[in-house]
Amino acid sequence: MSEASSPAAPGASRPGGALTPRVLSGIQPTADSFHLGNYLGALRQWVAMQDTHDAFYCVVDLHAITVEHDPAVLRRRTLVAAAQLFAMGLDPDRATVFVQSHVPEHAELAWVLGCLTGFGEAGRMTQFKDKSAKQGTGGTSVGLFTYPILQAADILLYSPEPGEGERALRVPVGEDQRQHLELTRTLAQRFNHRFGETFVLPEAHIPPGAAKITDLQEPDAKMSKSASSPQGIIDVLEEPGPMRKKIMRAVTDTGSEVVYDEEKKPGVTNLLRIYSALEGASVPDLEKRYAGSGYGQFKKDLAQVVLDTFAPIRERTLTLLDDERHLDALLRRGADRASEVAARTMETVRERVGFVGRGR
């Protein structure tokens with residue numbers, strides 16, 4: 001029985017019986033909290049897509065060990081990341097939410113795809129080139145070099161099966177991940193050509209409503225855990241006091257008019273994007289609302305909108321973390337569902353590559 005017809009398959013089919021597109025995305029547990037940019041750029045859209053797609057979302061802990069790490073910190077951050085995903089609205093009845101390392105087929109398929117990847121192809125990946133240039137090849141792990149191949153395996157492991165017709169496989173991506181998705185498509189085509197049609201080619205998907213959020217102190221730079229200063233980034237799990245202060249101290253621009261102008265007013269423009277995305281009001285409506293009022297009232301109101309959005313998420317996250325057995329059960333449920341799909345994919349891959357089947 002395919003997952004599309006199984007009762008255990010959340011979001012697998014529409015009421016009329018037509019197969020929904022499948023979506024796969026993951027996020028690293030490399031910080032103690034997701035931030036505002038993660039939420040508006042991706043995670044909020046994940047919640048919406050669980051009603052329109054057969055959704056697979058994972059905490060990609062295998063990707064988090066390409067650099068030196070503390071095992072206890074990784075374990076804690078993985079649970080915190082998962083708790084935040086559920087607290088934001090991901091529903092185990094409508095989406096498959098799991099931890100990457102709970103499904104060992106991710107690493108197995110990565111090895112097979114790695115054997116189809118040219119050394120030059122992997123070396124041309126922009127992220128690897130940038131990071132290895134900064135820290136030198138001596139300080140760069142092989143895992144960082146092969147990171148995009150594991151990412152390709154993450155995606156292709158959930159490729160729809162031949163019996164599922166023209167079902168699409170979609171991957172929400174930002175500009176910094178497009179090159180990796182192109183490598184995934186190349187590897188899928190290469191495998192299909194050598195071993196027979198196996199993988200659906202994944203499609204880039206830019207969810208409607210995704211917002212580009214920049215650093216509160218450097219509005220020309222992306223909000224990022226690795227690059228932003230503590231004052232330039234708002235964490236989803238932050239205490240209300242510091243969160244409010246960061247909004248009030250956010251860099252604005254010359255003058256006092258609340259208007260959208262990316263070139264002349266990047267700071268105010270960033271705050272308008274945040275306000276619009278969280279409240280749902282259009283930017284022109286916000287400009288009219290704050291015409292003549294200056295930055296003070298605008299920032300004060302925006303701070304309250306941010307607090308109203310994240311306070312319930314913080315409360316639900318802490319509640320889940322206080323009941324680790326329940327959180328473990330939710331993740332086990334997601335891993336069981338993901339494993340069903342992954343096992344079928346790998347069974348096909350092993351047979352087509354030529355591995356000897358395991359006797360029963």
Side-chain angles (χ1 to χ4, degrees), residues 25-39 41-43 46 57-88 90 97-104 106-107 110 127-128 130-132 134-136 138-148 150-151 153-154 174 176-177 213 215 222-243 246 310-311 313-335 338:
S25 197
I27 191 163
Q28 285 198 46
T30 51
D32 292 326
S33 172
F34 296 141
H35 60 72
L36 177 65
N38 298 141
Y39 179 74
L43 299 177
W46 286 17
Y57 300 128
C58 60
V59 180
V60 288
D61 54 342
L62 296 179
H63 287 292
I65 65 170
T66 59
V67 295
E68 188 175 344
H69 71 284
D70 181 325
V73 171
L74 174 61
R75 194 172 295 114
R76 185 190 76 242
R77 286 177 170 177
T78 298
L79 291 174
V80 171
Q84 286 178 91
L85 293 179
F86 289 119
M88 288 176 182
L90 288 182
V97 183
F98 63 102
V99 175
Q100 183 188 28
S101 64
H102 290 177
V103 183
H106 283 257
Q127 286 194 20
F128 170 76
D130 291 346
K131 291 180 180 179
S132 61
K134 290 178 183 177
Q135 56 200 40
T140 303
S141 71
V142 174
L144 187 61
F145 183 69
T146 59
Y147 176 105
L150 176 57
Q151 194 172 69
D154 297 337
D176 59 338
Q177 293 294 331
I213 304 304
D215 189 302
K222 179 181 177 181
M223 185 178 285
S224 165
K225 282 288 186 181
S226 61
S228 297
S229 68
Q231 293 304 311
I233 193 167
I234 290 180
D235 288 328
V236 170
L237 301 183
E238 199 156 2
E239 292 279 357
M243 190 178 287
K246 288 181 181 181
F310 291 135
I313 294 174
R314 182 175 184 273
E315 183 178 346
R316 290 193 293 268
T317 298
L318 296 178
T319 298
L320 279 166
L321 291 172
D322 283 341
D323 188 356
E324 199 167 305
R325 290 182 64 183
H326 178 56
L327 181 57
D328 286 345
L330 293 176
L331 292 174
R332 191 180 312 116
R333 179 179 175 183

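Start at 1 with the first residue, then count along the sequence.
- To the nearest 0.5 Å, the span separating OG1 on T317 from CG on L85 amounts to 9.0 Å.
- Counting all heavy atoms, side chain and backbone alike, L74 lies closest to P29 at CD1-CG, 3.9 Å.
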Apply the test side-chain contact (heavy atoms from CB on, under 4.5 Å) to residues V73 and R77: give CA-CA distance (whole Å), side-chain angles for both, the deciding distance (0.1 Å), then the verdict. CA-CA 6 Å; V73 171; R77 286 177 170 177; 3.5 Å; yes

Run M88 and W46 through side-chain contact (heavy atoms from CB on, under 4.5 Å) and show every step you take. CA-CA 9 Å; M88 288 176 182; W46 286 17; over 6 Å; no

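- Taking each heavy atom of A87 and L320 in turn, the nearest pair found is N-CD1, 4.2 Å.
- Atom OG of S224 sits about 6.0 Å away from atom NE2 of H35, to the nearest 0.5 Å.
- Judged by distance alone, with hydrogens and angles left aside, the side-chain atoms of D235 form no donor-acceptor pair with the main-chain N or O of L237 at under 3.5 Å.
- Comment: E238 does not engage R314 in a salt bridge, judged by the lack of any side-chain N to carboxylate O separation of less than 4.0 angstrom.
- Residue M243 comes nearest to I234 through the heavy atom pair CG-CG2, 3.8 Å, listed as atom of the first residue, atom of the second, then distance.
- Using a cutoff of 4.0 Å between basic side-chain nitrogens and carboxylate oxygens, R76 and D32 are scored as salt-bridged.
- L43 is not listed as a side-chain neighbour of Q84, based on a closest heavy-atom distance of 4.5 Å or more.
- Ring-plane geometry between H106 and F98 is classed as tilted, the angle between the planes lying from 30 to 60 degrees on a 0 to 90 degree scale.
- In plain terms, the two heavy atoms of I213 and G37 that are nearest each other are CB-CA, 4.0 Å.
- Residue F34 comes nearest to Q28 through the heavy atom pair CE2-O, 4.2 Å, listed as atom of the first residue, atom of the second, then distance.
- Taking 4.5 Å as the limit, some side-chain heavy atom of F86 sits within range of a side-chain heavy atom of L331.
- Here the shortest heavy-atom pairing between L62 and Q100 reads N-OE1, 2.9 Å.
- Taking the charged nitrogens against the carboxylate oxygens, D215 and K222 have no contact shorter than 4.0 Å, which rules out a salt bridge.
- I65 CD1 to T30 OG1: the interatomic distance, rounded to the nearest 0.5 Å, is 13.5 Å.
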Please report the C-alpha distance between L327 and L321 in whole Å, then the side-chain angles of each, then the deciding distance to 0.1 Å, and finally whether the side-chain contact (heavy atoms from CB on, under 4.5 Å) criterion is met. CA-CA 7 Å; L327 181 57; L321 291 172; 4.1 Å; yes

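- Going from atom CE of M223 over to atom CG of N38 covers 9.5 Å, rounded to the nearest 0.5 Å.
- Judged by distance alone, the side chain of T66 and the main-chain N or O of G143 form no donor-acceptor pair under 3.5 Å.
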